[in-house]
Every structure is written in C-alpha cells, then in structure tokens.
Amino acid sequence: NKASESKEVFDLRDWQIPLGRRFRSLKLWFVLRVYGAARLRDMLRKHMALADKLEAFLKSQPSFEMPFPRVSSLVVFRLAEHPNDVNAALLAALNERGVLLTHTVISGQYFLRVAIGASEGQGEQHVDNLCSLIASCVDLVTKSAL
C-alpha cells in the first residue's frame, strides 16, 4: 500500500521468524506440547475417517470422478464429463455458501479440493452438511450450464 511504499510505517507482515530447520521443528514442538502425541494421533485418525466418509459419498455419485486415491485427509474430485468452467462454477457456488474449497489443475482438467483438518469441532455433521451442499450446488450449476 501507499504507506508501506513511502516508508511511513513498518509492514509487520515482513517481520517474522525465518522458517529454517530449527524454527520449523519448534512449531512442531509447540503442537506436540499443546496436544500431546496421543491426542494428535487421534485427531489425525478422526480427520482421515471424515475424509473417508466424504470420499465414499463422492464415489457413490456417478457424476463425480476422482483422479487418484485419497491421500491423508485431502479429497480431490470434479464433475465428470463437464468442462472446466462448470467445475469452476461449482467451486464458486460452494465458496459463496461459506465452504472454503480450493482447486487445482491436473492434465488440463479443473479439480476441487477439500482438506479436512480443523483442530477441534469438525465432525460428521460438518461432512454430512458438505455432502448435501455439494449435491444441491451440483444441481444448480449443471442446470444453469444447459
């Protein structure tokens, strides 16, 4: 912004601890210290189980395709047999409704990505809500694409 460029103020976002090896390990140490190894393992297992549930929903719907098997708690999918702009519209429709998804392009095809991994409070109800929201947005987007 103008104030930062004119050097009138300090831009504090540029002031941080460098992410060298020691400080990256310090971040992990803090997480282990706060949660403990057993609780962290349980949290990761829970997130992967929730991702399993979302993946099962997407695989049960013939309108979706997944480019590769799910890794950890990241679920990647797209509307099969629809152009990239329809998948981009699906992403926009979901994000407009308060769900934060990202996208990637693999071999020229647009894919949506869901990363499940909030520290607390994310449960089966959230995944169920996401599944129903995806289904309703698919209907909306595919009808408007015709």
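Hydrophobic clustering, with ILVMFWY side chains joined whenever heavy atoms are under 4.5 angstrom apart, keeps Val86 apart from Val76. In the hydrophobic cluster analysis, where Ile, Leu, Val, Met, Phe, Trp and Tyr join through side-chain heavy atoms closer than 4.5 angstrom, Leu74 is grouped apart from Met48. Hydrophobic cluster membership is shared by Val75 and Val138, with clusters built from Ile, Leu, Val, Met, Phe, Trp and Tyr side chains linked at under 4.5 angstrom. Linking Ile, Leu, Val, Met, Phe, Trp and Tyr residues whenever their side-chain heavy atoms come within less than 4.5 Å places Leu91 and Phe57 in a single cluster.
With rounding to the nearest 0.5 Å, the separation of NZ in Lys53 from SG in Cys131 is 7.0 Å. Atom OG in Ser60 sits 11.0 Å away from atom CD in Glu55 (nearest 0.5 Å). Distance check, rounded to the nearest 0.5 Å: CG of Leu50 to CG of Asp128 gives 9.5 Å. Residue Tyr35 holds its OH atom at 15.5 Å from CZ of Arg41, rounded to the nearest 0.5 Å. Summarising the geometry, atom CZ belonging to Arg70 is positioned 8.0 Å from atom CE belonging to Met66; distances are rounded to the nearest 0.5 Å. Note that CG of Asn87 and CG of Leu79 are 5.0 Å apart. Values are rounded to the nearest 0.5 Å.
The minimum heavy-atom distance linking Pro67 with Ile106 is given by the pair CG-CD1, 4.1 Å.
Side-chain atoms of Leu130 and Ile134, non-hydrogen and from C-beta on, do get closer than 4.5 Å to each other. Using a 4.5 Å heavy-atom threshold, the side chains of Val114 and Leu112 count as separate. No side-chain heavy atom of Gln109 sits under 4.5 Å from any side-chain heavy atom of Val105. Tyr110 places none of its side-chain heavy atoms less than 4.5 Å from the side chain of Thr104. In this structure the side chain of Leu101 never reaches within 4.5 angstrom of the side chain of Arg113, judged on heavy atoms. The side-chain heavy atoms of Phe77 and Leu54, taken from C-beta on, include no pair separated by under 4.5 Å. Taking 4.5 Å as the limit, some side-chain heavy atom of Leu90 sits within range of a side-chain heavy atom of Leu94.
Residue pairs meeting the salt bridge (charged side-chain N to carboxylate O under 4.0 Å, His left out) criterion with at least one partner in residues 80-97, sequence neighbours excluded, are absent.
Of the possible polar contacts, one joining the His126 side chain to the Gly123 backbone as a donor-acceptor pair under 3.5 Å is found. In this structure, the side chain of Ser73 engages the main chain of Ile116 through a donor-acceptor pair within 3.5 Å.
Under the 6.0 Å cut-off for aromatic ring centres, His103 and Phe111 do not qualify, their centroids lying 6.0 Å or more apart.
Ion pairing between Arg39 and Asp42 fails under the 4.0 Å rule for side-chain N and carboxylate O.
Taking Glu65 as the reference, Arg78 meet the salt bridge (charged side-chain N to carboxylate O under 4.0 Å, His left out) condition, with sequence neighbours excluded.
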